[in-house]
Amino acid sequence: MHYFVFTDEAGTYQSRPSEGFIKSHPFYIRANVLMSIEDYRQFQTEMQQINGMYEIPFDEEIKWSDLGTKYKKGDPRTPTIAAMSADRLKGYYRKVLTTAATKESTMFLYTITDIVGRTCRIAEDYIYQYHLQDAFQRIQMDMKADDFATFIMDELNKGTVKQIKSACHEFTVKGDFVKYKNIYHGVLTECSLYSPGIQLADYAAGIMNGYLHRNILSPGNYQFATALYSEFIKPRLRHHAIGTICGYGVIDIPKKTSFRQQLKDIFDA
């Protein structure tokens, strides 16, 4: 089997954040969505049909953040989003996730850094590498002898992209405790507008962000994200054979901090 792994982030990271920064970005999350190339071929076609059904212009995309910017901030990003009701926008996310969930190969994997608890002091230059390296390790562990996987991420600024590509190439070529025999030695970049897979990873990251907010910071809120997590993410979240999620499908970066117990309480209680 050949696979794509689409990866996207929620939140922004700073090693020494201000109180204002923490309030806006309490977590830094990277979502990774694995799908076989054959399943992705079908998903790509189905996404075209969904966009037609919801009258999304071919040169526009719906981002997870559009729900908040329109209905919490009253600032829709495009006229298309301005014309959509809350129920219709939520219906779009649900339709996309329903379609992805029908694909047998679909699997979700998250790496998460706690910012609100101030448990991380990793320099900004290394945080992207550590998140991707943990994801690369887990995907390689799951590959069978003749399998092959390629990571694809959204285009960022040129400096960051160059840094990430260099870091991913270095650790995959040199190896660590894992030998990357079944993974493309690096990461490819694509504009999210042209990639239904990256759009799906964006939704997965946003859903996890809301789910963590509800369970750590704001109980009772983020009902929509929590419902989507329970219905679509959790059943396809990477896990140990006995069902354990923390350390398998949800990975804390850095390790061995008090944040690990919080994640265990949320995902493995």
Side-chain angles (χ1 to χ4, degrees), residues 1-10 28-44 46-47 64 96-97 99-113 127-156 160-161 163-173 175-176 178-209 232-240 245 247-251 253:
M1 297 289 291
H2 290 74
Y3 299 90
F4 288 135
V5 184
F6 299 97
T7 180
D8 200 22
E9 62 187 4
Y28 176 73
I29 301 164
R30 180 158 287 280
N32 305 275
V33 184
L34 178 141
M35 193 179 290
S36 73
I37 289 180
E38 179 58 26
D39 280 346
Y40 185 68
R41 181 186 66 80
Q42 297 176 19
F43 179 68
Q44 182 174 253
E46 290 163 342
M47 278 291 288
W64 177 260
V96 172
L97 289 161
T99 302
T102 64
K103 305 296 177 283
E104 184 178 355
S105 63
T106 300
M107 182 185 75
F108 297 96
L109 166 67
Y110 292 90
T111 52
I112 304 172
T113 294
I127 196 71
Y128 296 112
Q129 174 186 335
Y130 293 158
H131 273 256
L132 285 166
Q133 190 165 4
D134 261 282
F136 270 69
Q137 288 169 355
R138 270 64 180 188
I139 296 299
Q140 174 60 55
M141 290 174 187
D142 291 344
M143 292 293 102
K144 297 178 181 178
D146 294 326
D147 291 346
F148 191 76
T150 300
F151 274 74
I152 303 174
M153 69 184 299
D154 196 6
E155 293 176 339
L156 304 169
T160 302
V161 166
Q163 175 189 339
I164 291 173
K165 287 190 172 187
S166 175
C168 289
H169 180 69
E170 181 176 359
F171 72 69
T172 51
V173 170
D176 36 47
V178 171
K179 302 303 180 185
Y180 298 98
K181 298 179 180 179
N182 302 82
I183 292 185
Y184 176 80
H185 287 174
V187 59
L188 303 181
T189 54
E190 175 65 288
C191 176
S192 62
L193 173 62
Y194 310 128
S195 174
I198 294 177
Q199 292 168 30
L200 177 61
D202 170 54
Y203 302 163
I207 290 167
M208 179 57 72
N209 194 32
F232 300 109
I233 305 296
K234 185 177 180 180
R236 293 194 169 276
L237 192 54
R238 186 178 185 268
H239 57 273
H240 188 273
I245 292 172
Y248 296 89
V250 175
I251 302 155
I253 296 174

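As the structure is a computational prediction, the values presented were derived from the model and not from experiment. In what follows, every heavy atom counts, from backbone to side chain, and hydrogens, waters and symmetry copies are set aside.
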Side-chain touch F148/H2, heavy atoms, less than 4.5 angstrom: yes

Other residues, nucleotides, ligands: >12 heavy atoms within 6.0 Å of H169 NE2: no

Atom pair CD1 (I198) and CD (E155), whose distance is rounded to the nearest 0.5 Å: 8.0 Å

Worked verdict on L132 versus I164 for side-chain contact (heavy atoms from CB on, under 4.5 Å): CA-CA 9 Å; L132 285 166; I164 291 173; 3.4 Å; yes

Heavy-atom neighbours of Y194 OH exceed 12 at 6.0 Å: no

For A201 against V33, the heavy-atom pair lying closest together: CA-CG2, 3.8 Å

Separation of H239 NE2 from I245 CD1 (nearest 0.5 Å): 8.0 Å

Modelled atom types, side-chain donor and acceptor of D134 and T111, under 3.5 Å: no

Gap between atom CD of Q163 and atom CD of Q129 - 0.5 Å precision: 8.5 Å

Greater than 12 external heavy atoms within 6.0 Å of E190's CD: yes

Side chain to side chain, N209 and W64, heavy atoms closer than 4.5 Å: no

Closest heavy-atom pair and its distance - S192, Q199: O-NE2, 2.8 Å

Heavy-atom donor-acceptor pair, R236 side chain to E104 backbone, under 3.5 Å: yes

F171 and Y180 aromatic centres sub-6.0 Å: yes

Aromatic ring pairing Y128/Y28, orientation class (parallel under 30°, perpendicular over 60°, tilted between): perpendicular

R41 side, atom CZ; E46 side, atom CD - distance, nearest 0.5 Å: 9.5 Å

Side-chain donor/acceptor of Y110 to backbone N/O of L237, under 3.5 Å: no

Taking every non-hydrogen atom, the tightest pair across A10 and G206: CB-N, 4.4 Å

K234 atom NZ: more than 12 heavy-atom contacts under 6.0 Å: no

Note, H131 side chain near E9 side chain (heavy atom, < 4.5 Å): no

pair F136-V178: side-chain heavy atoms closer than 4.5 Å: no

Distance (rounded to the nearest 0.5 Å) between T7 OG1 and L188 CG: 12.5 Å

pair F6-L200: side-chain heavy atoms closer than 4.5 Å: no

Closest heavy-atom pair and its distance - G186, F151: O-CB, 4.4 Å

Under 3.5 Å donor-acceptor, N182 side chain and A145 backbone: yes

Non-hydrogen side-chain atoms of D142 and M107 separated by less than 4.5 Å: yes

Side-chain heavy atoms of M1 within contact of K144, under 4.5 Å: no

For K103 against Q42, the heavy-atom pair lying closest together: CE-CB, 3.9 Å

Derivation and outcome, side-chain contact (heavy atoms from CB on, under 4.5 Å), residues V96 and F43: CA-CA 9 Å; V96 172; F43 179 68; 4.1 Å; yes

Nearest heavy-atom neighbours spanning T106 and A100: OG1-O, 2.9 Å

Any donor-acceptor pair under 3.5 Å from T102 side chain to T99 backbone: yes

pair F4-S105: side-chain heavy atoms closer than 4.5 Å: no

From M47 atom CE to S195 atom OG, the distance as rounded to the nearest 0.5 Å: 9.0 Å

V5 and L109: CA distance, side-chain angles, deciding distance, side-chain contact (heavy atoms from CB on, under 4.5 Å) verdict: CA-CA 10 Å; V5 184; L109 166 67; over 6 Å; no

Test side-chain contact (heavy atoms from CB on, under 4.5 Å) applied to M208 and I112, step by step: CA-CA 10 Å; M208 179 57 72; I112 304 172; 4.2 Å; yes

